[in-house]
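All heavy atoms count here, side chains included; hydrogens, waters and symmetry mates do not.
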Amino acid sequence: MQGTAIQFTSLTTLLWGLVATIQFYSLPVMALSIAGIGIALVSSGDDIDRKSRLKHWIFNILIGGLLVFGSTTIATTLKSFLGGS
């Protein structure tokens, strides 16, 4: 069995491809996670400690989404300031 090396035209295309792939797969995971946590939050009743933990998880997921989806904007801005094409 013979393998082939990963080939790409430039480092930029490799990195943009990785970012797009991460964004493509992370959005459904984040949406399902927030939906599941929301259901658990509604059904938690009077358990204040559990509500606090669930809210913390939702906040962490939203921060992660901000980093994943904001990375494209940050990279594009930095590339334009640094003179990239």
Side-chain angles (χ1 to χ4, degrees):
M1 189 168 180
Q2 216 172 11
T4 59
I6 297 174
Q7 297 178 358
F8 49 91
T9 57
S10 68
L11 184 59
T12 304
T13 58
L14 172 68
L15 294 176
W16 285 116
L18 287 173
V19 168
T21 303
I22 290 170
Q23 288 178 346
F24 180 78
Y25 288 111
S26 66
L27 183 62
V29 171
M30 288 172 40
L32 290 173
S33 298
I34 289 176
I37 292 171
I39 291 170
L41 187 63
V42 169
S43 66
S44 66
D46 291 334
D47 191 0
I48 296 172
D49 183 48
R50 185 168 184 214
K51 283 184 181 182
S52 176
R53 282 184 287 138
L54 292 171
K55 287 178 186 177
H56 182 72
W57 272 103
I58 289 175
F59 183 73
N60 285 342
I61 291 170
L62 291 175
I63 293 296
L66 182 67
L67 291 174
V68 167
F69 291 99
S71 65
T72 305
T73 305
I74 293 169
T76 305
T77 305
L78 285 174
K79 190 174 179 182
S80 67
F81 280 130
L82 297 176
S85 55

Using residues 51-63 as the side-chain source, report each donor-acceptor pair under 3.5 Å to any protein atom, sequence neighbours left out, with the distance given to one decimal.
from	atom 1	to	atom 2	distance (Å)
Lys51	NZ	Gly45	O	3.0
His56	NE2	Asn60	ND2	3.2

(request) Consider only side-chain heavy atoms of I, L, V, M, F, W and Y, link residues closer than 4.5 Å, and tell whether Val19 and Val68 are in one cluster. (result)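 No.
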(request) Indicate, with yes or no, if Ile34 and Val29 share a hydrophobic cluster defined by side-chain heavy-atom contacts under 4.5 Å among Ile, Leu, Val, Met, Phe, Trp and Tyr. (result)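 In one cluster with Val29: Ile34, no.
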(request) With sequence neighbours excluded, tell me which residues meet side-chain hydrogen bond (donor to acceptor under 3.5 Å, both in side chains) with Thr13. (result)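 Scan of Thr13 (side-chain hydrogen bond (donor to acceptor under 3.5 Å, both in side chains), adjacent residues dropped) gives Thr9.
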(message) Going by side-chain hydrogen bond (donor to acceptor under 3.5 Å, both in side chains), name the residues that satisfy it together with Ser43, two or more places apart in sequence or in a different chain.
(response)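 Ser43: no side-chain hydrogen bond (donor to acceptor under 3.5 Å, both in side chains) contacts found.
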(request) Quick one: name the residues clustered hydrophobically with Ile39, using the 4.5 Å side-chain heavy-atom rule over I, L, V, M, F, W, Y, and just say none if it's on its own. (result)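 None; Ile39 is a cluster of one.
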(request) Please write out which residues are connected to Leu32 in a hydrophobic cluster, directly or through intermediates, given that two of Ile, Leu, Val, Met, Phe, Trp, Tyr count as joined at side-chain heavy-atom separations below 4.5 angstrom. (result)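 Joined to Leu32, directly or through intermediates: none.
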(request) For Ile48, look at atom CD1 and say whether over 12 heavy atoms of other residues, nucleotides or ligands are found less than 6.0 Å away. (result)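 No, not enclosed.
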(message) Tell me which pairs pass side-chain hydrogen bond (donor to acceptor under 3.5 Å, both in side chains) where either residue lies in residues 15-40, with sequence neighbours left out.
(response)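 Counting only pairs at least two positions apart or across chains, the side-chain hydrogen bond (donor to acceptor under 3.5 Å, both in side chains) contacts touching residues 15-40 are Gln23-Thr72.
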